[in-house]
Every structure is written in structure tokens, then in C-alpha cells.
Colleague: 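Once you've had a glance at the structure underneath, I'll fire off some questions.
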2 protein chains.
Amino acid sequence: MATSRSDPQAPYSPKAQEIIARTNELLASGGYNGFSYADIAELVDVRKASIHHHFPAKADLVKATVALHRDATRRGLASLDAAKADPFERLVAYCRYWAECIEKSSPPICICALLAAELPAVPAEVASEVRGHFEDLHAWIASTLEQGHSTGSLRLTDDASADAAVFMASIHGAMLSARAAGDASLFWTIAKLSTERLKAA
Amino acid sequence: MATSRSDPQAPYSPKAQEIIARTNELLASGGYNGFSYADIAELVDVRKASIHHHFPAKADLVKATVALHRDATRRGLASLDAAKADPFERLVAYCRYWAECIEKSSPPICICALLAAELPAVPAEVASEVRGHFEDLHAWIASTLEQGHSTGSLRLTDDASADAAVFMASIHGAMLSARAAGDASLFWTIAKLSTERLKAA
DNA sequence: GACAACCTACCTACTGGTAGGCAGACTAAA
DNA sequence: TTTAGTCTGCCTACCAGTAGGTAGGTTGTC
């Protein structure tokens, strides 16, 4: 069994998955309007019309790509919850995961952060998926902070929701700074410090 | 004298300034590839070719727009330094300035934050201007933190540079979160908390 | 023979950009 | 004071290329 029943990639054929993988890369590079079907066609070595066969419209393709990214994130966070007992360590692991991604440039930035920046120019169906990712992530961080607060490993400055919003903003901003500086290590510098501030004194 | 000698907008004719103003709006909405000369032409009520008369290529126009934004920021920060003696108050004023901008949607986001997100897809001349803005801002925040630290109004967790990077990331991330949530007040929630954390205990 | 995957060929609309011209304001020389 | 030259701002008309998307046909596999 190559793909489990709960695998969200299951409904996609191998070629469709390849298309989505490339879309992820192109999306991370220049956002929604930064690539075309022709670009993808060249990368996956089929004609433009074949991309349309898998994903009728660009909005469909990007929505699917973002939805998969969102799902992967949810699953990743869940498995992180299962793997680490300490909420503080979960946050560190989350940051470390992104630090490695950025270091390897795969992906060099969260596509949802990028799409959030250009949200008014993005099709509604994509935008709602992006908003969903932000809500998912905020909810996870807030719940992690609450758990850490109750077990004593994390401290809260304000309520968990506000502290979670600050932490999430630091992470997304760190991605922008790292990209602007052309220095992947800057992400970790910022993320590490942001996380340490949440550690109980 | 309508424009002073040091006014960076001086070299631009009224129409060119109008074009830049509209470019700012369009840029803030959807990034570099989110608008066209035709869009601007309609907004400023001239033909496309006339935009090319003022700014031969799109990269020229966007570079000029970002350079002006960068200059305005530098001047704004300098006048803020002059107006407020307390470094902590300077940071608060900076956040409040952006909170008001976002609340009024003018601009709803820092165009440099947006362009940083899609940096690989942006022409080199624009990218270097964006990088410059990040450097300017980081330098100002770091210097403000240092001053606040020496006068005792601000505390440092790490060195001023790292703390400045965290603060800057929070601000940029807050812009993304506010846009994603469609809630301008979220920016202030995050920015306020980020600033308070820097206050000396 | 149904269906998925892919193709060629094509479409319309729009992209950034150019060529060349024209009206009006400014300047300089006759 | 006329007049020629020049500059700015804007125009129409056009270009090649690309955008997203469609119609209809071929191939290969269950």
C-alpha cells in the first residue's frame, strides 16, 4: 500500500502530485501571479493543456496546493504533539523544522505567509484556504502555550491567544527577514529568541 | 516654494507623483506581478504609453516607488527621533503609526514586506531597494534599543541586533496576520505586546 | 469500450514595450 | 517681436510574446 486511506494526496495521480510539487516551488518563489501554466508544463514535461486536464483553472491548482500544504501542516503538528511531551519542546521543534526547510530552500518560505501578503489579489477560494491555515496554526500555538502554562514550562505575558499571535507573527516575519537578507540563518536567530522568551523563568 | 530642495519627490512631475501614488496602492494590493501599466493608466486617466513616458519600464516605476517609500520611512524615523526623547516611546509611536495606516488601509501593508515575500520574482534593482529598506529599519530599531538600554527604559534579551530582528519580524508578521484575518486591530494587538516585552521591568 | 492521460491546435485577452506624431509652454536668437 | 528650436506630456497605433483556457482527437490500460 503506497498511500493510506487518510493520505490527502491519494485522490491525486502521480502526475498531478508532481504538478502540485512544482506549483509549491513556483508559488514559494513569486506568489500567485509569479508563475504560469507554461512554467509548470516545462518543469513537469507535459503540455500546458495536460495541466488543465488535472486542474481546470489556476485557482483550482493553487487551492489544491495550499489545501495540501495546510493538511500536511496539521498532520505535522499532530505528530509533533505525539512525539514531544513538553509544549516548549514542541515549539522548538516547530521552529527547527522551518529552519531546516529554509536552510535547504525547500520550501524557502511558507507559501501561506507569501499568499497572505498578496491576499487581495488572490482568488477567493485560495484566500479562504490561506486564512484557514493561519487559523489552524494560531489555534495550535495557543493551545500549546496554554498547555505549557498549565504544566509550568511556558509563561504567558498576556492571554494565550495574544501571545500565540505574537509568536506566529515573529515566525512569519522571520521568514521575510531571512529572504530579504538572503541569509537563511537569520530565521533561526529570530525564531530561537522568540521561543526562548516564552520559556518559564 | 511648493517643494523643498531636499524633497525626494521634487524631481517628479505632478503626474509622475500621481502614478507613483497609484503604484503604491496597486503594489500593496497584489505585489509586483499583481498589476499592469494598463491598471495604472486607467486610475490616473492617461494612456499606457504616457506611463512609459514617465517610467520607461515597470522595474523603473516600482524601483522609484519603493525608493520613495524607503526615503519617506527614513525621514519619518528621523523626525520621530527628534520628537520623542524616550526610545521606548519611539517604538510605540512607530507601531501606532502603522496601526493607523492599516486601520485606514492606506497603506494596508508595508510594500517592502510584501515585496520581500516575493523577492526572487522581483527585478534586481527593485530587490536591492527592498533589502535596503530592511537594513535601514533594522539599524534604526537596533540603535533605538541600544539607546533605551543605556538609559534604562528598555531591556535586551540578547544583543541589540538580535532583539531588533525579533521586533522587526513581529511587526512584519503582524501585518501578514492582520491581512489574513481581515482584522486591522490584530496588528495593534501584536505590535503592542511586542513593544511591551522590550520595556524595562 | 470506457476512461485516464496526454496531445495538437487554437482562441481571446492582456502583457510590457515601441514608433512616431502632435499640441502647448519655454527659450534664444534675429 | 517675431520666429525657430526644444522640451514635456500625451496621444494613436502597433508589436511580439504570454496569459489562462478550450475543442477535439490519439493512445494506452483496466
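FYI, side chains are in, hydrogens and waters are out, and symmetry mates aren't considered; it's all heavy atoms of this structure. Predicted model only: the values in this text are computed from it and were never measured. Each chain gets a letter, A, B and so on, in the order the sequences are listed, and its residues count up from 1.
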Colleague: Whole angstrom is fine here: how far is it from CD1 in B:Ile40 over to P in C:dG17?
Modeller: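 So the two atoms are 11 Å apart, to the nearest Å.
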Colleague: Look at A:Ser13 and C:dA4 and indicate whether a side-chain polar atom (N or O) is within less than 4.0 Å of OP1 or OP2.
Modeller: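 No, A:Ser13 has no side-chain N/O under 4.0 Å of OP1/OP2 on C:dA4.
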Colleague: May I ask you to say whether A:Asp71 pairs ionically with A:Arg74, meaning some side-chain N is under 4.0 Å from a carboxylate O?
Modeller: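 Judged by the 4.0 Å cut-off on N to carboxylate O distance, A:Asp71 and A:Arg74 do form a salt bridge.
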Colleague: Considering only side-chain heavy atoms of A:His53, which listed nucleotide, C:dG17, C:dT8, C:dA5, is closest?
Modeller: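 Per side-chain heavy atoms of A:His53, the pick is C:dA5.
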Colleague: Nearest of C:dG16, D:dA19, C:dA5 to any side-chain atom of B:Lys58?
Modeller: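 Nearest listed nucleotide: C:dG16.
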Colleague: Mind running side chain to side chain contact (heavy atoms under 4.5 Å, CB included) on B:Glu125 and B:Asp60 for me, showing each step along the way?
Modeller: CA-CA 8 Å; B:Glu125 58 230 277; B:Asp60 299 324; 4.0 Å; yes
Colleague: Does any N or O in the side chain of B:Tyr37 come within less than 3.5 Å of the main-chain N or O of B:Lys58, such that one atom is a donor and the other an acceptor?
Modeller: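 Between the backbone of B:Lys58 and the side chain of B:Tyr37 there is a qualifying donor-acceptor contact (under 3.5 Å).
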Colleague: Between C:dA5 atom C1' and A:Glu18 atom CD, what is the distance in whole Å?
Modeller: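 After rounding, the reported distance stands at 13 Å.
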Colleague: Quick check on D:dC10: is either OP1 or OP2 less than 4.0 Å from any side-chain nitrogen or oxygen of B:His54?
Modeller: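 True: B:His54 side-chain N/O within range (under 4.0 Å) of D:dC10 OP1/OP2.
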Colleague: Would you kindly say whether B:Ser143 and B:Gln147 are connected by a side-chain donor-acceptor distance under 3.5 Å?
Modeller: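 Result is yes, a qualifying pair exists.
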Colleague: Looking at the side chain of A:Val46, which of C:dG16, C:dC7, D:dT22 is the nearest nucleotide?
Modeller: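 In terms of side-chain proximity for A:Val46, the closest of C:dG16, C:dC7, D:dT22 is C:dC7.
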Colleague: What is the separation between atom NE2 on B:His52 and atom C1' on D:dC11, rounded to the nearest whole Å?
Modeller: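 These atoms are roughly 14 Å apart.
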Colleague: When we call it a touch if two heavy atoms are under 4.0 Å apart, what does B:Phe35 touch: a base, just sugar-phosphate, or nothing?
Modeller: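 Here B:Phe35 touches the backbone only, sparing every base.
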Colleague: What integer distance in Å separates B:Tyr32:OH from C:dT15:P?
Modeller: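 Interatomic distance, OH of B:Tyr32 to P of C:dT15: 13 Å.
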Colleague: Rounded to the nearest angstrom, tell me the gap between atom CG in A:Leu26 and atom P in D:dT18.
Modeller: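 Rounding to the nearest Å, CG of A:Leu26 and P of D:dT18 are 16 Å apart.
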Colleague: Counting side-chain heavy atoms from CB outward, which of C:dC6, D:dG21, C:dG17 is closest to A:Lys15?
Modeller: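 Side chain of A:Lys15 sits closest to C:dC6.
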Colleague: Quick one: which of B:Thr144, B:Ile141, B:Leu198, B:Val92 gives a side-chain contact (heavy atoms from CB on, under 4.5 Å) with B:Pro87?
Modeller: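 So the option named by the test is B:Thr144.
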Colleague: Which is true for B:Lys48 with a 4.0 Å heavy-atom rule: it touches a base, it touches only sugar-phosphate, or it touches nothing?
Modeller: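 Answer is base: heavy atoms of B:Lys48 come under 4.0 Å of a base.
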Colleague: Taking atom C1' of D:dT8 as reference, at what distance in whole Å does atom CD1 of B:Ile19 sit?
Modeller: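 Rounding to the nearest Å, CD1 of B:Ile19 and C1' of D:dT8 are 13 Å apart.
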Colleague: Would one find a side-chain N or O of A:Ser36 under 4.0 angstrom from OP1 or OP2 of D:dA19?
Modeller: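 Answer yes for this pair, as a side-chain N or O of A:Ser36 is under 4.0 Å from OP1 or OP2.
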Colleague: Return no unless some side-chain N or O of A:Ser50 is found under 4.0 Å from OP1 or OP2 of C:dC7.
Modeller: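 So the side chain of A:Ser50 is within the cut-off, an N or O lying under 4.0 Å from OP1 or OP2 of C:dC7.
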Colleague: Could you state the CG-P distance from A:Leu61 to D:dG21, rounded to the nearest angstrom?
Modeller: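 Computing the A:Leu61:CG to D:dG21:P distance gives 10 Å.
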Colleague: Write down the distance between CG (B:Asp60) and P (C:dG16), rounded to a whole number of angstrom.
Modeller: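 For the pair B:Asp60 CG and C:dG16 P, the rounded distance is 13 Å.
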Colleague: What nucleotide among D:dC10, D:dT12, C:dC6 has an atom nearest to a side-chain atom of B:Ala49?
Modeller: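 Of D:dC10, D:dT12, C:dC6, D:dT12 is nearest to the side chain of B:Ala49.
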